[in-house]
Amino acid sequence: MTAMTPTIVADRGQPARTIHLIPADLFDAWLAAQPPRIRAAATAQRLLAKAGKTATLPGEQPDDWSVATVVNDPAKLSAWDLAHLPALLPPGSYRLAGGTPGPAKLGWATAQYRFTRYRKGEDDAPRVLLSNEPARIDEALRQAAATARVRDLVNTAAADLGPAELATAVRTLGDAHGATVTVTSGRDLETGYPMIHAVGKAAAKGREPRLIELVWGNPAHPRVALVGKGVCFDSGGLDIKPSSGMRLMKKDMGGAAHALALAGLVMETHLPVRLHLLIPAVENSVSADSFRPGDVLATRKGLTVENTNTDAEGRLVLGDALTRACEEHPELLIDFATLTGAARVALGPDLPATFANDETLAADLLAAGTAEDDPLWRMPLWDGYDDMLKSDIADMVNAPEGGMAGAVTAALFLRRFVTPGTAWAHLDTFAWRASAKPGRAKGGEAYGLRATWRLVKDRYSRP
């Protein structure tokens with residue numbers, strides 16, 4: 001995991017190279033006002049009136065230079081407006097010529113993320129941004145570190161991150177903050193959480209299914225429950241995926257990674273809540289003990305589910321975990337899951353499909369996503385599709401035939417396990433970036449993490 005701490009520090013007048021932010025609409029006027037050597041250098045490096053274009057500008061002395069980069073509006077920087085720079089600049093310290101980095105501190109930090117578990121590290125010397133907003137540095141670094149935590153977990157090969165290793169990650173986090181961590185497995189899992197057991201029972205020895213729970217905070221404080229889908233690898237089960245469909249299935253625990261990272265933010269900031277983190281951790285494997293299409297599964301809630309597709313396993317394990325969360329009567333319940341291809345078809349990778357049963361919660365989530373440059377898109381819990389979950393032999397099916405409204409019917413399935421009156425949001429998130437963008441490396445990615453953190457922080461921070 002890349003350490004984010006040294007990438008942003010308080011500006012106390014220490015030596016640093018200067019970064020000039022050039023408004024795109026004023027570029028021509030800026031260039032015309034420069035001395036000949038600056039105009040020549042800008043022209044040679046093809047500096048244009050386009051956001052992201054960057055050039056090194058010579059100074060008065062041979063070893064004196066600065067940086068010019070074009071942005072849309074220096075007064076309204078987004079999280080990603082400076083994220084292209086660390087890849088272009090040599091190690092060292094930098095400061096803006098005027099103004100404050102604001103939200104752009106995040107992209108500066110996340111641009112320096114590297115996943116080096118399986119290969120030697122590259123140039124790890126930091127590019128340090130000096131900030132004249134010292135009170136806001138810690139928050140930016142916390143968010144960057146939480147993003148890196150999601151990326152690291154999702155990028156790790158499934159052979160090295162099974163249910164046991166996911167439990168270890170939760171224990172490590174819990175130990176750091178004095179939380180209580182419990183793991184339910186074996187016979188207790190089979191009787192208490194039958195859907196989690198059914199999905200994971202085909203896995204090899206050492207990769208058995210389990211429910212991981214972390215509890216932290218004052219019991220008198222409002223209870224917040226976070227649930228994350230922890231399918232550490234998804235073969236599809238007996239409804240097996242093609243090889244192309246399995247290629248990225250190490251990321252099917254991306255929901256757990258998001259929930260774990262958000263729990264870390266809550267505890268690091270000592271937010272006055274009673275936190276309950278739940279991760280149903282399984283591997284959906286193929287063996288003689290695999291659960292089958294047509295099996296009728298018991299659930300912790302007491303409902304029965306006709307299994308119509310073993311590759312619709314995520315909603316099964318989440319159902320038992322949501323039931324457990326609701327037994328403690330949370331004031332707020334949020335789940336994260338890499339749940340449906342239908343959500344990706346509808347919204348692409350960048351927009352988590354967001355479902356909520358509470359209008360205020362939905363509005364606050366969308367506003368938080370906009371504020372944090374971490375957009376969400378609300379999808380409907382459309383009651384008219386609830387009949388699609390009907391079964392001829394059980395209380396419901398896990399996957400309706402036909403595939404229509406797949407993200408919606410998956411969310412409606414989950415809703416069956418949420419106690420009415422509980423404010424609940426479900427994020428169907430991709431957790432993967434197929435191609436790099438500034439500040440956002442190819443591979444595991446956090447979508448919706450900062451939006452949900454903003455929501456929780458705004459709701460529960462002390463006045």
Side-chain angles (χ1 to χ4, degrees), residues 78-79 102-103 106 110 136 138-147 149-150 214 216-217 221-229 254-279 318 322 325-326 328-337 339 343 347 350-381 411 414-415 418 421-431 445-463:
S78 77
L106 177 84
T110 59
R136 299 182 179 181
D138 285 348
E139 175 63 15
L141 292 174
R142 273 194 295 267
Q143 291 191 24
T147 299
R149 175 173 277 152
V150 173
L214 176 150
W216 172 91
H221 288 158
R223 192 176 191 93
V224 173
L226 306 176
V227 179
K229 174 187 169 185
H258 281 72
L260 181 63
L262 181 55
L265 287 168
V266 168
M267 293 187 288
E268 288 163 17
T269 54
H270 305 285
L271 212 61
V273 300
R274 179 67 163 173
L275 176 67
H276 190 189
L277 170 69
L278 304 98
I279 296 176
L318 286 171
L322 289 168
C326 288
E328 301 297 334
H329 310 292
E331 181 177 293
L332 175 65
L333 171 60
I334 302 174
D335 79 72
F336 302 85
L339 204 60
L347 300 177
D350 291 353
L351 291 172
T354 303
F355 300 82
N357 64 356
D358 179 274
E359 292 303 313
T360 299
L361 174 59
D364 289 349
L365 267 173
L366 296 182
T370 298
E372 293 295 329
D373 290 321
D374 189 21
L376 308 174
W377 197 268
R378 190 179 184 189
M379 297 281 277
L381 286 165
L414 297 181
R415 188 176 67 172
V418 176
T422 302
W424 164 65
H426 159 60
L427 275 68
D428 189 336
T429 187
F430 191 46
E445 185 59 294
Y447 297 102
L449 172 65
R450 291 180 292 109
T452 50
W453 167 232
R454 175 68 174 261
L455 170 93
V456 174
K457 181 176 60 172
D458 285 355
R459 284 197 172 197
Y460 297 108
S461 290
R462 292 182 176 91

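None of the values given here were measured: they were computed from a predicted structure. Along the sequence shown, residues are numbered consecutively beginning with 1.
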Shortest non-hydrogen separation from [X] to [Y] and the atoms involved:
X    : Y    : value
Q143 : L106 : CB-CD1, 3.7 Å
H258 : L449 : O-CD1, 3.8 Å
G448 : F336 : O-CE2, 4.3 Å
A325 : V227 : CB-CG2, 4.3 Å
L278 : A225 : CD1-CB, 4.5 Å
G254 : A431 : CA-CB, 3.9 Å

query: Below 4.0 angstrom, N of the basic side chain to O of the carboxylate: do R378 and E359 qualify?
result: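 Salt bridge: yes.
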task: Decide, yes or no, whether a salt bridge links R142 with E139 under the criterion of side-chain N to carboxylate O below 4.0 Å.
output: yes
- request: Calculate, to the nearest 0.5 Å, the distance between atoms CG and CG belonging to D350 and D374 respectively.
  value: 10.0 Å
Please tabulate, for the side chains in residues 360-368, all donor-acceptor contacts under 3.5 angstrom to protein atoms that are two or more places apart in sequence or on a different chain.
{"from": "D364", "atom 1": "OD2", "to": "R459", "atom 2": "NH2", "distance (Å)": "3.3"}

statement: Tested for side chain to side chain contact (heavy atoms under 4.5 Å, CB included) against K229, the lone hit among D428, L318, T429 is L318
- request: Please test V456 against I334 for side-chain contact (heavy atoms from CB on, under 4.5 Å), starting from the C-alpha separation and ending with a verdict.
  value: CA-CA 10 Å; V456 174; I334 302 174; 4.2 Å; yes
task: Measure the shortest side-chain to side-chain distance between K457 and T269 over non-hydrogen atoms and say whether it is less than 4.5 angstrom.
output: no
task: Report the residues that fulfil ring-ring contact (aromatic ring centres under 6.0 Å, His included) with F355, sequence neighbours left out, ordered by chain and then residue number.
output: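 Applying ring-ring contact (aromatic ring centres under 6.0 Å, His included) to F355 gives H426.
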message: For the backbone of W424 and the side chain of N357, can you confirm whether one donor and one acceptor N or O come within less than 3.5 Å of each other?
response: yes
